[in-house]
Novice: 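Attaching a single structure in structure tokens format; questions to follow.
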Amino acid sequence: MAVGEGKTNSAKRSQQLQLLSAETPYRPTGLPILDERLRGTKFVSLEPKSVLNSPQQTGVDFWSLNPYIGCEFGCTYCYARYAHRYTVERAHDGGRLSDAEFHEFRGPHGWEAFEKRVFVKDRLLGVLEGDLRRYFRSVGPTVRSSAPIVIGTATDPYQPAERRFRLTRGILERLARCEGLNIGIITKSPLIARDTDVLQRIQERSDLEVHISLNTVDVGLIRQVEVRSPMPAVRLRALKRLADSGIRVGLIVAPVLPGMTDDVPHLEALFQAAREAGARFVHAGPLRLYPAVRDRFLPMLEERFPHLVARYRRAYEGRSGAPRDYARALAARIKKLQVRFGFPVNEGMADRYGRRLAPAQGELGL
Ligand code: SF4
């Protein structure tokens, strides 16, 4: 639990922020620490110039919004580590982190900071106003549905920090006042059910799709690959709560981990659970092993799944995406399951948000 979490009301928080800004309006080195947990996680204030990223800025086919950088859930396969590394390096280059702080922020292996130094985008709502003006100018009133905004592409918007900082809720409150948007939210956290009321308001005026992320119902396995994520049953219960409240919600099975979660019984169990929880869709994609992910994922694989190491090294040698034959075989397997369980076929992130979220190309042999 965060130090002071549960006791800190909004007045105390704003007083704390005033103090921080009075004491350190701009510090040449050091970023204000907003809170910390006993296990060592620190929540670090970051004041961004913009929070809504355009496709031109990111090179993907949709607008993206991430209230936090870093994520305590600590999935070993998480590709968002690159964004955190970039932020830390930029803060160091810009003189806001001293050399000592930079090394402390990176941690002994370089990947710990992603889970233990979570950047909180402070004063985000003011910045969002300007961003929304830019968005509306750019896409115009009639084509918003073809310019989706996806929340949670580079960290979980309902990670534990959200309980304390409520940035995602603030964003949704703002978007609920807009009309004709096309909004997607990706999360592993049941905390999203807290915001059912706002989600319902959004859905009255805009298209909304919630993607609950879960790649196995095997509790033992999930703790091998995701350090602190919510348990499968908890995520499925949240999915059901949203579905029962009329929210268009489905399951995203990503990443599918070759040799671990890609066998038919495994996937069947997920499809069955999704069906029972009221999911409207299920889609899936294989693991992408970006350079920033390898430092974290491969040592885990060596320690816990040594029999898979050679296979992964071979398959992902010189590439981030899964081999093409593998991706094709997996897509066919998913399609069969979609048909069998009565879900829309091939309706996935790629169809809704663009090709960059398409399942990776993928020869591991299923
Ligand atoms: S929940 Fe998402 S953002 Fe957080 S560590 Fe896991 S994959 Fe990364």
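For ligands, and for the atoms within them, numbers begin at 1 and follow the listed sequence.
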Novice: For ligand 1, which atoms, with element, lie under 4.0 Å from some heavy atom of Gly74?
Specialist: 5 (S)
Novice: Cation-pi check, Arg85 to Phe114: give yes when NZ or CZ is under 6.0 Å from the six-membered ring centre and within 45° of the ring axis, no otherwise.
Specialist: no
Novice: State whether Arg134 and Asp131 are salt-bridged, where the test is any N-O pair (Lys NZ or Arg NE/NH1/NH2 against Asp/Glu carboxylate O) under 4.0 Å.
Specialist: yes
Novice: With backbone taken as N, CA, C and O and side chain as the heavy atoms from C-beta onward, which portion of Phe114 lies under 4.0 Å from ligand 1: side chain, backbone, both, or neither?
Specialist: side chain
Novice: Atom 8 (Fe) of ligand 1: which of Cys78, Gly70, Ala83 has the nearest heavy atom?
Specialist: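 Considering heavy atoms of Cys78, Gly70, Ala83, the nearest to atom 8 (Fe) of ligand 1 sits in Cys78.
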Novice: Hey, looking at atom 3 (S) of ligand 1, which of Thr76, Thr153, Thr155, Ile186 has the closest heavy atom?
Specialist: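 Looking at heavy atoms only, Thr155 sits closest to atom 3 (S) of ligand 1.
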Novice: Does Phe165 form a ring-ring contact (aromatic ring centres under 6.0 Å, His included) with Phe43? I'd like the steps, not just the answer.
Specialist: CA-CA 10 Å; Phe165 297 101; Phe43 298 102; 5.6 Å; yes
Novice: List ligand 1 atoms under 4.0 Å from Cys71, heavy atoms only on the residue side.
Specialist: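 So the atoms of ligand 1 that pass are 1 (S), 3 (S), 4 (Fe), 5 (S).
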Novice: Tell me which part of Ala80 gets within contact of ligand 1: side chain, backbone, both or neither, using heavy atoms under 4.0 Å.
Specialist: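 Within the 4.0 Å criterion, Ala80 makes no contact with ligand 1.
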Novice: Using the side chain to side chain contact (heavy atoms under 4.5 Å, CB included) rule, pick out the option among Leu239, Ile192, Ile252 that qualifies with Val210.
Specialist: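 Among Leu239, Ile192, Ile252, the one that satisfies the side chain to side chain contact (heavy atoms under 4.5 Å, CB included) with Val210 is Ile192.
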Novice: Could you list the atoms of ligand 1 found under 4.0 angstrom from a heavy atom of Lys188?
Specialist: 1 (S), 2 (Fe), 6 (Fe), 7 (S)
Novice: If you count the atoms of ligand 1 from 1 in the order shown, which ones are under 4.0 Å from a heavy atom of Asp156?
Specialist: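 Here the atoms of ligand 1 in question are 1 (S), 3 (S).
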Novice: Does the pair Glu112/Arg81 count as a salt bridge with the N-to-O cut at 4.0 Å?
Specialist: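 Not counted as a salt bridge, because no side-chain N and carboxylate O are separated by less than 4.0 Å.
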Novice: ring-ring contact (aromatic ring centres under 6.0 Å, His included) between Tyr312 and Phe305: does it pass, once the steps are laid out?
Specialist: CA-CA 11 Å; Tyr312 271 71; Phe305 304 90; 8.7 Å; no
